[in-house]
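Written out below as structure tokens is the structure these notes cover.
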Amino acid sequence: MRELPPDQSPPNQPPPRHATPPPHATPPRHATPPPHATPRPARRRRALAVAVLAALALAAAGCGKEGSPPAKGPRPEALPHYRVVQGFDLPKSATWRKAKRRGHLVVGAKEDQPYVGEKDPATGRYSGFDIEIAKMMAASLGFDPRRISFRTVASANRETALQNGQIDYYVGTYTINDLRKRQVGFAGPYYEAGQSLLVRDEEDDIHGPDDLAGRKVCSAAGSTPLQRIEADYPKADPVSYDAYSICVDNLLTYQVDAVTTDDTILMGYAAKVPDELKLAGRPFSKEPYGIGVPRSDNALRLALDDAIEAHQKNGDWKKAYDATLGLSGVPAPKPPAVDRYAAG
């Protein structure tokens with residue numbers, strides 16, 4: 001069966017905050033490191049690292065073209081295959097009925113998170129643990145995973161995309177919390193991460209969020225990690241963009257001092273350029289990842305809860321982790337228990 005091409009037209013996105021500082025803006029702290037801080041070999045490594053991350057930023061901007069360097073990611077032959085449930089029917093779900101009539105699912109995802117949700121700029125194919133979760137869900141809903149059209153949706157636009165019916169469900173490091181439950185529904189959680197910090201390899205003064213006073217710390221606009229830094233660590237200097245890849249590129253070029261988000265995402269970036277980046281300290285939050293669905297579609301939410309549990313039991317969940325996030329060297333954790341909360 002022919003695979004649908006990925007949607008190249010994400011929902012309308014607001015311009016990123018601080019994305020292009022004016023020429024007269026004050027240079028960020030540590031923007032120009034002292035000469036002794038980066039000897040020549042380190043500068044060469046840094047330049048190579050920036051080139052690697054620049055490819056990710058290019059992909060995030062949707063500017064990939066034929067011949068662009070492919071993003072390092074899971075090997076397709078190592079990914080598991082998921083049995084499609086035959087004769088599946090979910091008449092109480094308006095979302096499922098619409099997808100059935102359409103003939104394929106439209107799934108929101110991230111495209112700039114190594115080993116989690118990443119798009120190859122050369123082929124347009126998505127890969128990573130979240131992408132595998134999306135495929136498992138499709139199979140359990142009676143859709144061949146090849147009949148998914150993935151659509152990149154920035155963190156700040158997830159609720160809007162679900163509310164407007166632009167996507168059927170969303171799998172993209174989407175933390176479940178009470179505020180979001182007022183706007184969308186959540187199946188899961190299917191994974192529990194923790195907020196952490198990514199710093200340059202020579203950084204010795206940042207060991208946790210209490211060390212961020214006066215430091216520029218970057219995260220995605222609208223994300224839970226950014227909101228936590230703003231609320232709990234007011235002495236930090238937060239900077240936000242639509243894509244984590246831009247934050248990491250700015251970290252490598254000394255425009256920010258740290259990047260913060262879930263440790264799963266940061267592990268992937270550190271694995272890309274291990275001689276240049278490292279995680280600092282221990283995670284300082286719990287981030288249960290859920291699958292976002294339209295808030296009123298409880299039938300779809302509960303069907304996805306069933307699917308998550310089934311794929312945990314039959315081994316698909318661990319196989320998917322080992323083929324994606326497991327490439328970072330961190331062994332698969334025990335998956336969290338599904339929370340079948342009552343509809344509000």
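All values below come from the heavy atoms of this structure, side chains included, with hydrogens, waters and symmetry mates left out. Since the model is a prediction, treat every value here as computed from it, not as a measurement.
A salt bridge (Lys or Arg N to Asp or Glu O under 4.0 Å) check over residues 152-163, counting only residues at least two apart or in different chains, returns the pairs Glu159-Arg180.
A salt bridge links Glu309 with Arg340: the closest approach of a Lys/Arg side-chain nitrogen to an acidic carboxylate oxygen falls below 4.0 angstrom. Of the charged side-chain nitrogens involved, at least one lies within less than 4.0 Å of a carboxylate oxygen, so that Glu203 and Arg215 count as a salt-bridged pair. For the pair Asp237 and Lys216, the salt-bridge criterion is met [side-chain N within less than 4.0 Å of a carboxylate O].
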Run the numbers on Tyr174 and Asp130 for side-chain hydrogen bond (donor to acceptor under 3.5 Å, both in side chains), then give the verdict. CA-CA 10 Å; Tyr174 200 7; Asp130 279 346; over 6 Å; no
Starting from the C-alpha separation in whole Å, work towards a yes-or-no answer on side-chain hydrogen bond (donor to acceptor under 3.5 Å, both in side chains) for Thr175 and Glu287. CA-CA 5 Å; Thr175 298; Glu287 307 293 335; 2.9 Å; yes
Let me see the working for Glu132 and Tyr82 under side-chain hydrogen bond (donor to acceptor under 3.5 Å, both in side chains), right down to the final yes or no. CA-CA 9 Å; Glu132 292 307 302; Tyr82 311 111; 2.6 Å; yes
Give the C-alpha distance, both sets of side-chain angles, the deciding distance and a yes or no for side-chain hydrogen bond (donor to acceptor under 3.5 Å, both in side chains) between Asp262 and Tyr289. CA-CA 10 Å; Asp262 304 342; Tyr289 289 167; 2.4 Å; yes
Could you give the side-chain donor-acceptor pairs of residues 94-101 under 3.5 Å, partners two or more places apart or in another chain?
unit_1 : atom_1 : unit_2 : atom_2 : d
Thr95  : OG1    : Asp297 : OD2    : 2.6
Trp96  : NE1    : Leu141 : O      : 3.0
Arg97  : NH1    : Pro91  : O      : 2.5

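A pairwise comparison of heavy atoms in Asp339 and Pro189 identifies N-CD, 3.8 Å as the closest pair. Listed here is the closest heavy atom pair of Leu251 and Leu198: CD2-O, 3.6 Å. Considering every non-hydrogen atom in both Ser245 and Tyr269, the closest pair reads N-OH, 3.3 Å. Here the shortest heavy-atom pairing between Ala270 and Leu279 reads CB-CD1, 4.0 Å.
Taking CD of Gln195 as the start and OG of Ser219 as the end, the distance is 7.0 Å to the nearest 0.5 Å.
A cation-pi contact, defined as under 6.0 Å to the ring centre and within 45° of the axis, is absent between Lys119 and Phe150.
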